[in-house]
Amino acid sequence: MIAERIYRFLLHAYPPEFRAKYGREMVLVFRDQCRDGDVRAPGFWVRVFWDVVRSAPALRAHATQTVEVFMKIAAVVTVLLGAFGILGSVREWIAGSRQPMSTTYVLAVVLGVFAFVVLVGAGVAILRQRRHGARLALVVSLVLAIAARLLFPWMGILAQLAGIALPVGLLIALYWPSKSSTLGTA
Amino acid sequence: MVTKRRPPEDYLPLPPATFHILLALAAGERHGYAIMKDVSARSEGRVRLGPGTLYGALKRLLEAGLVAETEERADPEHDDERRRYYRLTPLGLSVARAEAQRLDAIVRAARRSKLLGTRPA
């Protein structure tokens, strides 16, 4: 039966483990649909394709745990950028110490160091799946980085991206609603 | 290891297709195609589940412990192929009830706001 062969081919859109568990049942259900419906009607195939397009990507994303992988990569990047930020702040301190330093400048660099240390802590918290601790650390790091930048304009573009843009992006990702994902959206 | 059971309200709101599947299973255990036909009949044809949507939802319901599989057997109404049957668990029943109560509260609020008639149609 050609219709069933087409449907079996479409099943490749689903993750292999899902296909292994439910593929046979899905083919049986499709066979029932063919028996009770009009296989030659375009509407029948529109519904079949729409069902695959609607359900397969979500199951693939769930199977590869895309969100978890993304958060792990983001956490490692955060730790690395935080470490580079600490090194950059120390280098800034050494460069600045060659001439008389104002209190504002010293305070700005110290705040910058603290901001990046807390950012490293946020990365570690994300890796250990401590979402609440990570959010708190990111907010503290963001406030310190902004304060350091406002006190004295010493941060380069990369340091501003790591100290300000990265915590904002991670906070959005950590506050993104994930509750409905347990039972899907269909 | 003892896992702490989540309260039914934690699963709400349910996606519409998921609630329809739980409603179909509240009437008794069913195999996949019987669930599809039940959902279509119950919703007067407005909700039509395809196999992908149905089994994707069933997979999530099984993982969450709201639905359980029963033994495979043939359906005498269809053919001699053995089919997997599904039934509601006590948690699934509690979640379906909690969702029905949530929707009922919304409908009552709509009635109070005169968006719906005071008596059910």
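Every value quoted in this text rests on a predicted model; they were computed, and no experiment measured them.
Listed for the A/E25 side chain is a donor-acceptor partner under 3.5 Å among the backbone atoms of B/R84. In this structure a side-chain-to-backbone donor-acceptor pair under 3.5 Å is missing from A/D51 to B/L49.
Residue B/Y55 holds its OH atom at 9.0 Å from CZ of A/F18, rounded to the nearest 0.5 Å. Here the OH atom belonging to B/Y33 is positioned 6.0 Å from the CD atom belonging to A/Q33, to the nearest 0.5 angstrom. Here the CG-OH distance, from B/L54 to A/Y22, works out to 10.0 Å after rounding to the nearest 0.5 Å.
The shortest heavy-atom contact between B/G52 and A/Y7 is N-OH, 4.3 Å. What you find for B/E69 and A/K21 is that their closest heavy atoms are OE2-NZ, 3.1 Å.
Side-chain contact between B/M36 and A/D36 is absent, with no heavy atoms from C-beta onward closer than 4.5 Å. You'll find the side chain of A/D32 stays beyond 4.5 Å of the side chain of B/K37, heavy atoms only.
Within 6.0 Å of atom CZ in A/F44, more than 12 heavy atoms from other residues, nucleotides or ligands are found, so the atom counts as buried in its surroundings. No more than 12 heavy atoms of other residues, nucleotides or ligands shown are found within 6.0 angstrom of CZ on A/R128. Within a 6.0 Å radius of CH2 in A/W50, no more than 12 heavy atoms belonging to other residues, nucleotides or ligands are found. B/R97 CZ: 12 or fewer foreign heavy atoms inside a 6.0 Å radius. Around the CD1 atom of A/I2, the shell of radius 6.0 Å holds no more than 12 heavy atoms that belong to other residues, nucleotides or ligands. Heavy atoms of other residues, nucleotides or ligands lying less than 6.0 angstrom from CD of A/E4 number more than 12.
Only the side chain of B/L62 comes within less than 4.5 Å of a heavy atom of chain A; its backbone N, CA, C and O stay farther away.
Side-chain heavy atoms closer than 4.5 Å link hydrophobic residues (I, L, V, M, F, W, Y) into clusters, and following such links, even through other members, never connects A/V117 to A/L136.
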